[in-house]
Amino acid sequence: MAIPENKDLIIENFISDKLIKNEGNWEITNLGAILFANKLADFETLYRKATRIIIYRGKGKTAAQHERLGDRGYASEFEALIQYVNNQLPVNEVIGTALRKDVPMYPELAVRELIVNALIHQDFTITGTGPTIEIFENRMEITNPGIPLIQVERFLDSPPRSRNEALASLMRRMGICEERGSGIDKVVAETEEYQLPAPLIRLYEEHLKVSLFAHKSLNDMTREEKIQATYMHACLKYVEQDAMSNQTLRERFGLID
């Protein structure tokens, strides 16, 4: 949108989008703060909602190597957050025809979609916790407070439904998300393209955790991982209104003759 020349019109737009309000005194709303705060710690009810990134040494949580706590609003620091996470992820060296190049271990689009989902669909009524991104040697885990409004088994084909409608709407207008319910579809499609194990979605009492796993050959996958990958492949083909076949499954696992 073009910036209005009249400052009063700018303020009216902020009020219309519920970023600020005037009830005798000007106040910044929680929505305005969670999106645009320069320092979330200045807002007592929101400082624990800052995005937390933890990098571990190895495969467990016993040796934390580095930790970063986001200090700004989600919209203000989103691109910097994504860039930081991608810079912390391991890479694979691929040898082409003449050159070697480093390829990210996880698809950047899948990482972005999962982080966006964690921010938008979290339950802000659950206190003392916020979105967390944990990076291990063999996986990354993205956790957000709140039980999803859609059954996990129907993530790929259910119509979109936002718990935080105003937050989702503004982030869509800023180009951060699409609000089309296609986020998990993209994650599954990208992991298949990279021939990674399927993402694992787990529910806890008050949290949702999605895990992405480093590359494994088919022989190294466990039986459960093969079943999960086959199930996700079938779901993806279903929402694409395409047929799953032995050939498509072989392609998904990289078993092309």
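Note that the numbering runs from 1 along the sequence shown for the chain.
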Subject >> Selection residues 211-232 - residue pairs positive for salt bridge (charged side-chain N to carboxylate O under 4.0 Å, His left out), sequence neighbours left out >> reply: Lys216-Glu225

**OP:** Quick one: which residue pairs count as a side chain to side chain donor-acceptor pair (under 3.5 Å) with a foot in residues 9-18, not counting sequence neighbours?
**Re:** Asp17-Arg173

Using a 3.5 Å cut-off and no angle test, enumerate the donor-acceptor pairs between side-chain atoms of residues 194-210 and protein atoms at least two apart in sequence or in another chain.
{"from": "Arg202", "atom 1": "NH2", "to": "Ser211", "atom 2": "OG", "distance (Å)": "3.0"}
{"from": "His207", "atom 1": "NE2", "to": "Thr129", "atom 2": "OG1", "distance (Å)": "3.2"}
{"from": "Lys209", "atom 1": "NZ", "to": "Glu141", "atom 2": "OE1", "distance (Å)": "3.4"}

**OP:** For residues 49-58, pull every pair meeting salt bridge (charged side-chain N to carboxylate O under 4.0 Å, His left out), keeping only residues two or more places apart or in separate chains.
**Re:** Arg52-Glu67

**OP:** Please check if Met174 and Leu31 belong to a single hydrophobic cluster, counting links between Ile, Leu, Val, Met, Phe, Trp and Tyr side chain heavy atoms closer than 4.5 Å.
**Re:** yes

Original post:
If you measure from the Lys or Arg side-chain nitrogens to the Asp or Glu carboxylate oxygens, is any gap between Glu190 and Arg112 under 4.0 Å?
Top reply: no

Subject >> Shortest non-hydrogen contact from Val116 toward Ile176 >> reply: CG2-O, 3.7 Å

Original post:
Considering only heavy atoms from C-beta outward, does the side chain of Asn22 approach that of Glu27 to under 4.5 Å?
Top reply: no

Original post:
Mind checking what makes side-chain hydrogen bond (donor to acceptor under 3.5 Å, both in side chains) contact with Tyr238, not counting sequence neighbours?
Top reply: none

**OP:** Go through Thr125 and Asp123 one step at a time and tell me if the side-chain hydrogen bond (donor to acceptor under 3.5 Å, both in side chains) criterion holds.
**Re:** CA-CA 5 Å; Thr125 66; Asp123 188 342; 2.5 Å; yes

Original post:
According to the ring-ring contact (aromatic ring centres under 6.0 Å, His included) rule, which pairs have a member within residues 104-143, sequence neighbours left out?
Top reply: Tyr56-Phe136

Subject >> Minimum side-chain heavy-atom gap Met171-Ile120 below 4.5 Å >> reply: yes

Original post:
Can you tell me if Arg68 uses its side chain to pair, donor with acceptor, with the backbone of Ile53 under 3.5 Å?
Top reply: no

Subject >> Salt-bridge criterion met for Lys39 and Asp71 (N-O under 4.0 Å) >> reply: no

